[in-house]
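Below: the structure, in structure tokens.
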Amino acid sequence: MSDPIQPVLPGDSNAPPAPLVVNLQYVKDLSFEVPGAPEVFTQLREQPRIDIGLDVQARPLQQDGNTFEVSLQIRCDAKSGETTAFIAELVYCGIFTVNVPQESLEPVLLVECPRLLFPFARNVLADATREGGFMPVLLTPIDFVALWQSRRAQAGQPPVGNA
């Protein structure tokens with residue numbers, strides 16, 4: 001008979017550290033601009049075309065080497081013809097404690113952490129655009145693995161297996 005599974009209790013100093021802990025998440029910067037208001041609202045005849053830009057950044061916060069700020073940066077430019085309907089910019093961040101081997105650190109920070117932040121950032125952006133007088137921008141799910149691998153390829157780094 002095998003040993004029963006022992007639960008890990010908070011404060012148990014013998015427990016191994018969790019590989020990834022979300023300590024905090026927050027809106028670091030949010031900007032919503034309607035440069036042609038109020039005329040743009042009377043001139044719009046159809047949904048504006050929305051171009052999305054996305055970036056992920058990570059930086060260490062402490063000398064211990066395992067606490068990081070990860071930021072998900074999203075920019076939406078909405079145009080109707082040549083007229084700018086709105087511009088929305090969001091920097092949504094999380095503070096993470098990461099306890100993984102060094103070779104796994106980059107994919108955890110640039111794939112797993114933004115994957116956890118994304119639903120909340122998506123909500124903030126949808127609320128901001130709706131409150132700005134437009135249909136809410138509902139971002140489709142992002143393939144953070146592909147984004148990370150593309151970034152590595154642009155930097156001339158070799159491809160890495162699945163994260």
Side-chain angles (χ1 to χ4, degrees), residues 7-34 47-79 84-132 134-163:
V8 176
L9 302 173
D12 184 355
S13 61
N14 296 325
L20 180 62
V21 176
V22 182
N23 299 308
L24 177 70
Q25 53 189 26
Y26 55 96
V27 173
K28 188 170 189 173
D29 187 25
L30 175 61
S31 171
F32 185 82
E33 180 182 353
V34 184
Q47 277 295 103
R49 184 188 81 251
I50 300 174
D51 295 320
I52 307 287
L54 184 106
D55 192 23
V56 177
Q57 300 289 323
R59 68 181 182 99
L61 289 182
Q62 297 176 349
Q63 297 294 26
D64 65 7
N66 67 345
T67 304
F68 297 86
E69 178 189 57
V70 176
S71 64
L72 183 55
Q73 302 163 7
I74 305 169
R75 179 181 169 102
C76 298
D77 290 299
K79 292 189 177 240
T84 297
F86 68 83
I87 301 165
E89 296 175 320
L90 171 64
V91 180
Y92 194 82
C93 298
I95 305 297
F96 295 88
T97 301
V98 182
N99 297 298
V100 298
Q102 188 63 34
E103 62 272 8
S104 299
L105 187 59
E106 184 180 328
V108 168
L109 290 174
L110 299 179
V111 175
E112 293 307 319
C113 293
R115 194 178 290 173
L116 293 170
L117 295 174
F118 179 76
F120 301 96
R122 181 181 191 255
N123 246 12
V124 170
L125 188 61
D127 287 348
T129 53
R130 186 186 66 245
E131 294 296 326
F134 296 91
M135 294 293 293
V137 171
L138 298 174
L139 296 175
T140 59
I142 307 284
D143 184 348
F144 288 103
V145 172
L147 183 66
W148 171 62
Q149 290 174 336
S150 168
R151 180 186 220 174
R152 287 183 60 83
Q154 289 175 353
Q157 295 174 318
V160 178
N162 291 339

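Fair warning: this is a prediction, and the values are worked out from it, not measured in the lab.
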What is the distance from atom [atom1] of [X] to atom [atom2] of [Y], rounded to the nearest 0.5 Å?
| X | Y | atom1 | atom2 | result |
| --- | --- | --- | --- | --- |
| I74 | L30 | CD1 | CG | 10.5 Å |
| Y26 | S71 | OH | OG | 8.0 Å |
| E112 | R115 | CD | CZ | 4.0 Å |
| L24 | E69 | CG | CD | 9.5 Å |
| T67 | L61 | OG1 | CG | 6.5 Å |
| F96 | L109 | CZ | CG | 8.5 Å |

What are the two closest heavy atoms between [X] and [Y], and how far apart are they?
| X | Y | result |
| --- | --- | --- |
| G132 | F32 | CA-CE2, 3.5 Å |
| V100 | P19 | CG1-O, 3.8 Å |
| L72 | P114 | CD2-O, 4.2 Å |
| Y92 | F120 | OH-CB, 3.3 Å |
| T84 | K79 | OG1-NZ, 3.7 Å |

Which of V98, L110, N99 passes side chain to side chain contact (heavy atoms under 4.5 Å, CB included) with L105? It is V98
Please tell me if the side chains of L117 and Q25 come closer than 4.5 Å, counting only heavy atoms from C-beta onward.
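Sidechains of Q25 and L117: in contact.
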Looking at side-chain heavy atoms only, is the closest gap between I50 and T129 below 4.5 Å?
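No. Closest side-chain heavy atoms not under 4.5 Å.
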Check the surroundings of atom CD in Q102: do more than 12 heavy atoms from other residues, nucleotides or ligands lie under 6.0 Å from it?
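No.
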Strictly below 4.0 Å, N to O, side chains only: are R75 and D77 in salt-bridge contact?
yes
Validation: residues 134-145 side-chain donor-acceptor distances under 3.5 Å, sequence neighbours left out:
unit_1	atom_1	unit_2	atom_2	d
D143	OD1	V145	N	3.2
D143	OD1	A146	N	3.1

Without swapping roles, check the side chain of R151 against the backbone of V56 for a donor-acceptor pair under 3.5 Å.
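Yes: the side chain of R151 pairs with the backbone of V56.
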